[in-house]
*Asks:* 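Have a look at the structure that comes next, please.
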Amino acid sequence: MPFRVSRTPTVRHYVMTPPTFFAVEYAINPWMDPTTAVDTHRALDQWDALRRTYKELGHTVELVEPVAGLPDMVYAANGGVLANGRAVVARFAYPQRAAESDAYAAWMTRHGYTAVHTRHVNEGQGDVLGAGRMLLAGHGFRTERRAHGEIAAAVGLPVVSLRLVDPRFYHLDTALAVLDDTTVAYYPPAFDAPSRRRLLALFPDAIEVADADAHVLGLNAVSDGHHVVLPAAARGFAAQLRTAGFSPVGVELSELLKGGGSVKCCTLEVHP
Ligand code: ARG
């Protein structure tokens, strides 16, 4: 009998934005090709299946009103960081997404938060992931290293900076998934050597995923501590999760992958 760790789910609070106006009209990451046709109805169906999956797992899902002309707004994770009762709103790297900040700040204000703005670029939970009582923060492509300290101060949690080096893994949430307070999964080649050493020291029993799983954005996953909702194509990673005592729940988000995002990108988590 292999040793099995028992994993405990906790009820989560997610914020999502429907892909009503989703399109691939510009290319700001290597996954995006504006000549590829996007089926918006299919995107909406796939997104709704993700939303229903969260509901069936017992989680709370709140919605942000999508805005016409902001095709990437479906990637709600980028809207900001919500943790410790505080809210930091995104400052986007590219002008095409800049106006999303106001929409997410308005949602935060309406929900009783004081939306903190950073001076430097921060793309929210695309690059800043809560792991227990600390934040893991990526830089190298979007969020600036200098924003990490601003976010740590605003949220009141320590931050561990990690440098991303492969343009296909341009946000931290494309290269690393937090599975519970002390467990992560990641794709080592997406990080520079000092960051890999830092991850090894912090998470000695981390799951390291293979190329094939990373390249279908398998790490763009959302965990409640037991169930891990992930792109269905990441079969090797799903098997690793099962071995580690988690329950993988595969979902199909092929239309949203055309914009360079998947499960986690579509999900902004409100961390208590
Ligand atoms: N097209 C979007 C961009 O390049 C995708 C964002 C994906 N979001 C994420 N959290 N990784 O900005």
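Whatever order the structure lists ligands and atoms in, that order sets their numbers, starting from 1.
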*Asks:* At less than 4.0 angstrom from any non-hydrogen atom of Asn78, what atoms of ligand 1 do you find?
*Replies:*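 It comes down to these atoms of ligand 1: 6 (C), 7 (C), 8 (N), 9 (C), 10 (N).
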*Asks:* If you count the atoms of ligand 1 from 1 in the order shown, which ones are under 4.0 Å from a heavy atom of Arg142?
*Replies:*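 Listed by number with element: 3 (C), 4 (O), 12 (O).
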*Asks:* Between Lys264 and ligand 1, find which residue part has any heavy-atom pair under 4.0 Å and reply side chain, backbone, both or neither.
*Replies:*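 Neither part.
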*Asks:* Would one find more than 12 heavy atoms of other residues, nucleotides or ligands at under 6.0 Å from atom CD of Glu62?
*Replies:*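 It does: Glu62 CD has more than 12 such atoms within range.
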*Asks:* Gly259 versus ligand 1: do any nitrogen or oxygen atoms come within less than 3.5 Å of each other?
*Replies:*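 Yes.
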*Asks:* So, for His59 and His13, is the gap between ring centers shorter than 6.0 Å?
*Replies:*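 Ring centroids of His59 and His13 are no less than 6.0 Å from each other.
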*Asks:* Provide the number and element of each atom of ligand 1 under 4.0 Å from a heavy atom of Ile28.
*Replies:*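 With Ile28 as reference, the close atoms of ligand 1 come out as 3 (C), 4 (O), 12 (O).
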*Asks:* Is there a donor-acceptor pair closer than 3.5 Å between any side-chain N or O of Glu208 and the backbone N or O of Pro188?
*Replies:*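 No, the answer is negative, given that no donor and acceptor are paired below the 3.5 Å cut-off.
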*Asks:* Can you name the atoms of ligand 1, numbered from 1 with element, that are less than 4.0 Å from a heavy atom of Met32?
*Replies:*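 Matching atoms, with element in brackets: 1 (N).
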*Asks:* Taking the six-membered ring for Trp, are Phe169 and His215 ring centroids under 6.0 Å apart?
*Replies:*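 Yes.
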*Asks:* Can Thr53 and Arg51 be counted as having a side-chain donor-acceptor contact under 3.5 angstrom?
*Replies:*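 Checked: Thr53/Arg51 side chains show no N/O donor-acceptor pair below 3.5 Å.
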*Asks:* List the residues meeting side chain to side chain contact (heavy atoms under 4.5 Å, CB included) with Val121, not counting sequence neighbours, and say none if there are none.
*Replies:*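 Side chain to side chain contact (heavy atoms under 4.5 Å, CB included) list for Val121, sorted by chain: Ala93, Glu123, Glu144.
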*Asks:* Looking only at the side chains, is there a donor atom on one of Thr17 and Tyr104 sitting less than 3.5 Å from an acceptor on the other?
*Replies:*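 There is such a pair (donor and acceptor under 3.5 Å, judged by atom type) between the side chains of Thr17 and Tyr104.
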*Asks:* Hey, which atoms in ligand 1 end up nearer than 4.0 Å to a heavy atom of Gly126?
*Replies:*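 What qualifies from ligand 1 is 10 (N).
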*Asks:* Verify whether one side chain among Ser101 and Arg91 offers a donor that lies under 3.5 Å from an acceptor in the other.
*Replies:*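 Their side chains do not contain a donor-acceptor pair, so the 3.5 Å distance test is not met.
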*Asks:* Identify, for atom 10 (N) of ligand 1, the protein heavy atom at the shortest distance, and state residue, atom and that distance.
*Replies:*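 Going atom by atom, the protein heavy atom closest to atom 10 (N) of ligand 1 ends up being Asp173 OD2, 2.7 Å.
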*Asks:* Can you tell me the protein heavy atom closest to atom 12 (O) of ligand 1 and the distance?
*Replies:*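 Checking every protein heavy atom, the shortest distance to atom 12 (O) of ligand 1 gives Arg97 NH1, 2.7 Å.
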*Asks:* Considering Trp31, Tyr170, Phe141 one by one, which has a heavy atom nearer to atom 7 (C) of ligand 1 than any of the others?
*Replies:*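 That would be Tyr170.
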*Asks:* Identify, for atom 9 (C) of ligand 1, the protein heavy atom at the shortest distance, and state residue, atom and that distance.
*Replies:*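 Here the closest protein heavy atom is Cys265 SG, 2.7 Å.
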*Asks:* Measure the acute angle between the ring planes of His148 and His139, then classify it against the limits of 30° and 60° as parallel, tilted or perpendicular.
*Replies:*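 Perpendicular, since the angle between the ring planes exceeds 60°.
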*Asks:* Please state which option from Asp127, Asn220, Leu257, Asp72 has its nearest heavy atom closest to atom 2 (C) of ligand 1.
*Replies:*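 The nearest heavy atom belongs to Asp72.
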*Asks:* Give the numbers and elements of all ligand 1 atoms closer than 4.0 Å to a heavy atom of Gly260.
*Replies:*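 Heavy-atom distances to Gly260 below 4.0 Å select 7 (C).
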